[in-house]
Amino acid sequence: MSIADWFSFKSKEEREREARKYTRFAFPYGEAQREALAKLIAELLPNEPDTTAMAVFLMGKEGYLGSFKLDAEDREARTEEDKLAGALWVLKRQLRGKNAAYIPYYLALVIADAAVGEDLRYPEAEEIRKEAEKLRTELGL
């Protein structure tokens, strides 16, 4: 969202259409995906409040994949370096101080989510923890 969005007026229908588009972006496999992610987030980050953790995850996802307003072609054109840089930029802005230690966990979860298929076979929380520690070392987090 940009400052220009603060001054734009949208009809109820436009707001609802945008909300549906965002929901399809955030959870392309529907409510089952949202529930699977909520469960995984709770296992991976048990000390984080559920709604806060989901919000940070979704911001990281948008940083990684690109804005939900982009078309699929523009999102697909993003390199892995672009994706990592976008996610890290967002996550570093959201997670400061002692919470910065969670950045690699959110990043590993975002990457796992980007790779999941319709079967929703996410890696176990322990596997994501291991990947997070690997990212922490590789990216110097």
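What you see is a predicted model; the values in this text were computed from it and never measured. The residues of the chain are indexed from 1 along the displayed sequence.
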Any heavy-atom pair between the side chains of Glu48 and Asn99 that's under 4.5 Å?
yes

In the structure I gave you, are the side-chain heavy atoms of Tyr105 and Leu135 within less than 4.5 Å of one another anywhere?
no

As an exercise, state the distance from NZ of Lys69 to CD of Glu62, rounded to the nearest 0.5 Å.
8.5 Å

Do Leu84 and Val90 sit in the same hydrophobic cluster, where Ile, Leu, Val, Met, Phe, Trp and Tyr count as joined when their side-chain heavy atoms come under 4.5 Å apart?
no

Quick check against the 3.5 Å criterion: does Thr137 have a side-chain atom that pairs as donor or acceptor with the backbone of Glu133?
yes

For Asp82, is there any backbone N or O sitting under 3.5 Å from a side-chain donor or acceptor partner on Arg78?
yes

Establish, from distance only, whether the side-chain atoms of Tyr102 and Gln94 form a donor-acceptor pair under 3.5 Å.
no

Is there a continuous path of hydrophobic side-chain contacts, each under 4.5 Å between heavy atoms, that joins Trp89 to Val56?
no

Could you tell me whether the side chain of Lys92 reaches within less than 4.5 Å of the side chain of Ile103, counting heavy atoms only?
yes

Do Phe68 and Tyr22 have ring centres separated by under 6.0 Å?
yes

Would you indicate whether the side-chain heavy atoms of Leu58 and Phe25 approach each other to under 4.5 Å?
no

To the nearest 0.5 Å, tell me how far Met54 CE sits from Thr51 OG1.
10.0 Å

Let's go through Glu131 and Lys134 carefully: what are the C-alpha distance in whole Å and the side-chain angles of both, what is the deciding distance for side chain to side chain contact (heavy atoms under 4.5 Å, CB included) to 0.1 Å, and is it a yes or a no?
CA-CA 5 Å; Glu131 188 61 30; Lys134 183 178 165 187; 4.0 Å; yes

Salt bridge Glu43-Lys39, side-chain N to carboxylate O under 4.0 Å
yes

Per-pair distances, 0.1 Å, donor-acceptor, side chain in residues 107-127, under 3.5 Å, sequence neighbours excluded:
unit_1: Asp113; atom_1: OD1; unit_2: Gln33; atom_2: NE2; d: 3.0
unit_1: Asp113; atom_1: OD1; unit_2: Tyr122; atom_2: OH; d: 2.5
unit_1: Asp113; atom_1: OD2; unit_2: Lys61; atom_2: NZ; d: 2.8
unit_1: Asp119; atom_1: OD1; unit_2: Arg121; atom_2: N; d: 3.3
unit_1: Tyr122; atom_1: OH; unit_2: Gln33; atom_2: NE2; d: 3.2
unit_1: Glu126; atom_1: OE1; unit_2: Arg129; atom_2: NH1; d: 3.4

Ignoring hydrogens, what is the shortest heavy-atom contact between Ala132 and Pro104? Give both atom names and the distance.
O-CB, 3.2 Å

Please tell me if the side chains of Ile41 and Asp50 come closer than 4.5 Å, counting only heavy atoms from C-beta onward.
no

Would Phe27 end up clustered with Tyr29 when hydrophobic side chains under 4.5 Å apart are linked, directly or stepwise?
yes

With respect to Tyr64, which candidate in Arg75, Glu80, Lys83 satisfies the side-chain hydrogen bond (donor to acceptor under 3.5 Å, both in side chains) definition?
Glu80

How many angstroms lie between CG in Leu45 and CZ in Phe57, if you round to the nearest 0.5 Å?
11.0 Å

Could you give the distance from CD (Glu18) to CD (Glu16), rounded to the nearest 0.5 Å?
12.0 Å

Is any NZ, NE, NH1 or NH2 atom of the basic residue among Glu31 and Arg34 found under 4.0 Å from an Asp or Glu carboxylate oxygen of the other?
yes

Report yes if some heavy atom in the side chain of Tyr106 is under 4.5 Å from a heavy atom in the side chain of Met59; otherwise report no.
no

